Student: 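I have a structure here, written as structure tokens, and I will follow up with some questions on it.
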Amino acid sequence: MANTAYYEFKPYNVGRIVIWTGFALLLAIAPLFFNSGLAITILTQIGIGIIACLSYNMLLGQGGMLSFGHAVYTGLGTYFAIHALNMAAKGSLPIPVSLLPLVGGLGGMAFAVLLGYVTTKKSGTPFAMITLGIAELVFAMSLMFSEFFGGEAGISANRVVGKPFMGITFGPPLQVYYLIAIYTFICVALMFAFTRTPLGRILNAVRDNPERVEFVGYDTQRVRYFVFIIAGFFAGVSGGLAALNFEIATAEVVGPGRSGAYLLFTFLGGATFFFGPIIGAVLMVLAFVLFSEFTKAWLLYLGLIFLFMVMYAPGGIASLIMMNLRVAAFGKLRELWVSYLALIVTGLIVMLGAAAMIEMVYHLQLNVALGNEVRFLGATLDARGVNSWFGAAFVMLTGIGLFELTRRHFRRQWGEIQEYIEKEMKRREAL
């Protein structure tokens with residue numbers, strides 16, 4: 001009897017189509033609503049940061065590889081793209097400006113092939129220490145080999161190269177933004193597709209249980225190495241886009257501070273969810289571009305935020321969003337809005353008192369020559385006055401007490417809702 005051939009059609013994932021379409025539209029229309037020079041700059045850097053943080057999360061969130069040197073690959077991608085741009089300007093490299101980020105990607109991938117083989121020989125803490133050592137090595141080399149790295153001054157370039165194509169010269173920042181937006185969408189889509197591949201699934205297994213993966217016949221070091229190379233490519237693309245945007249590459253792009261920023265904001269966004277690093281990249285750019293303009297103590301505030309996130313929400317902002325979506329799916333979210341409002345208000349009271357004390361300390365340390373008065377949120381504080389210090393401490397301690405009472409009530413209410421959800425799930429399963 002002959003075999004009967006037939007076809008099955010898998011239904012479309014409408015939700016996923018809507019999300020990706022919305023993401024593309026958001027990238028396309030964002031400059032229409034945020035059209036100032038500063039806004040375009042922020043949007044451009046957000047696109048670059050999204051690719052960098054997602055590439056880092058391929059190591060941290062998906063592979064469980066804590067790297068302290070991811071800026072090595074984004075930074076080297078920047079240097080390769082800058083050199084390629086200068087060569088294109090001289091006519092020795094016939095390549096369009098729009099493809100230069102791929103040169104950065106190939107540069108990042110090449111060094112990932114070279115350095116990743118040694119790095120991925122180990123996992124866990126040894127892996128982290130090796131990446132830290134390599135990061136310090138490359139940063140030191142960036143100051144020693146000025147022929148390639150340009151020394152402390154760095155290497156500059158001009159992205160307006162060649163004849164315009166359909167009026168596009170990449171001179172105006174808006175044109176650069178749309179180029180970065182296209183790369184952002186493509187890279188995000190490719191990195192999401194990677195999570196659905198057999199290699200992406202095995203990487204998750206290596207993260208969760210490497211012994212069992214070895215037992216079933218897979219080489220965990222080879223899996224980590226392949227993923228390290230892929231992450232290096234996307235990191236290099238991010239660095240190449242940064243080269244086009246800033247038109248300069250300095251030793252800072254391979255520095256430990258840049259690697260620390262990728263780690264910190266990927267964690268804050270939520271390393272266990274794919275969209276978590278996207279949130280982290282947005283926060284990273286806003287912190288570096290906007291928050292740093294409001295106060296000189298912005299790094300201290302950032303450290304405190306990171307500390308509280310580790311203590312109360314180790315899954316990052318993405319985990320908070322997903323937990324509340326789960327509660328909303330069972331119709332219980334509206335019962336929490338009063339508690340959420342109370343937590344926000346009491347938390348702001350704590351921050352108000354603490355921020356006033358921090359600003360006075362910073363004023364005494366850095367701006368004492370300007371006098372004792374400190375302008376804080378429209379109020380004038382006396383950095384050497386007892387009343388200002390007492391008032392700030394009173395506000396902070398009062399806020400801490402109220403926040404703790406509110407937190408305990410919220411925790412009890414949250415536990416009751418979770419018990420209801422578990423019972424409801426078991427009831428539905430029994431039907």
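Everything numeric in this text was worked out from a predicted model, so none of it was measured.
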Student: Would the distance check show the side chain of T398 and the main-chain N or O of V395 forming a donor-acceptor pair, the cut-off being under 3.5 Å?
Tutor: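 No; judged by distance alone, with no hydrogens or angles, the pair does not exist.
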
Student: Okay, side chain of Y56, backbone of S67: is any donor-acceptor separation there less than 3.5 Å?
Tutor: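 Looks like yes, one N/O pair under 3.5 Å.
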
Student: Between Q413 (side chain) and E335 (backbone), is there a donor-acceptor pair under 3.5 Å?
Tutor: yes

Student: Distance alone, cut at 3.5 Å: any donor-acceptor contact between the side chains of T195 and Q62?
Tutor: no

Student: Could you check, using the six-membered ring where one of them is a Trp, whether Y73 and F228 have ring centers closer than 6.0 angstrom?
Tutor: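 Centroid distance Y73-F228: below 6.0 Å, so yes.
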
Student: So, the side chain of Y183 versus the backbone of S98: is there a donor-acceptor pair under 3.5 Å, distance only?
Tutor: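 Here the side-chain-to-backbone pair exists.
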
Student: Taking only residues two or more places apart in sequence or in another chain, which ones pass salt bridge (charged side-chain N to carboxylate O under 4.0 Å, His left out) with E422?
Tutor: R326

Student: Determine, stepwise, if the pair F403 / L343 fulfils side-chain contact (heavy atoms from CB on, under 4.5 Å).
Tutor: CA-CA 6 Å; F403 181 82; L343 286 172; 3.8 Å; yes

Student: When you measure from the side chain of S259 to the backbone N and O of A71, does any donor-acceptor pair fall under 3.5 Å?
Tutor: yes

Student: Under the rule for salt bridge (charged side-chain N to carboxylate O under 4.0 Å, His left out), what residues qualify as partners of R159, not counting sequence neighbours?
Tutor: E247

Student: Which pairs of donor and acceptor atoms, one on a side chain in residues 128-139, lie under 3.5 Å apart (sequence neighbours left out)?
Tutor:
{"unit_1": "T131", "atom_1": "OG1", "unit_2": "F68", "atom_2": "N", "d": "3.0"}
{"unit_1": "T131", "atom_1": "OG1", "unit_2": "F127", "atom_2": "O", "d": "3.4"}
{"unit_1": "T131", "atom_1": "OG1", "unit_2": "A128", "atom_2": "O", "d": "2.6"}

Student: Using only atom types and a distance under 3.5 Å, with no angle test, would you say the side chain of H409 pairs donor to acceptor with the backbone of S339?
Tutor: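 No.
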
Student: Test your reading of the model: is there a side-chain donor-acceptor pair from S238 to the backbone of F234, 3.5 Å cut-off?
Tutor: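 Here the side-chain-to-backbone pair does not exist.
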
Student: Checking L290 against L38 for the side-chain contact (heavy atoms from CB on, under 4.5 Å) test, could you report, in this order, the C-alpha distance in whole Å, the side-chain angles of both residues, the deciding distance, and whether it holds?
Tutor: CA-CA 10 Å; L290 292 182; L38 176 61; 4.0 Å; yes

Student: With no hydrogens and no angle check, is any side-chain donor or acceptor of T21 less than 3.5 Å from a backbone partner on V18?
Tutor: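 No; zero donor-acceptor contacts below 3.5 Å.
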
Student: Answer yes when R412 and E416 have at least one side-chain N-carboxylate O distance shorter than 4.0 Å, and no when they do not.
Tutor: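 E416 and R412: not salt-bridged.
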
Student: Examine Y178 together with F170 and report whether their ring centres are nearer than 6.0 Å.
Tutor: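 Between Y178 and F170, the centre distance exceeds or equals 6.0 Å.
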
Student: Is Y177 reaching over with its side chain to a backbone N or O of L27, donor-acceptor style, under 3.5 angstrom?
Tutor: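 Yes.
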
Student: Check for a donor-acceptor pair, side chain of D382 on one end and backbone N or O of S388 on the other, with a separation under 3.5 Å.
Tutor: no

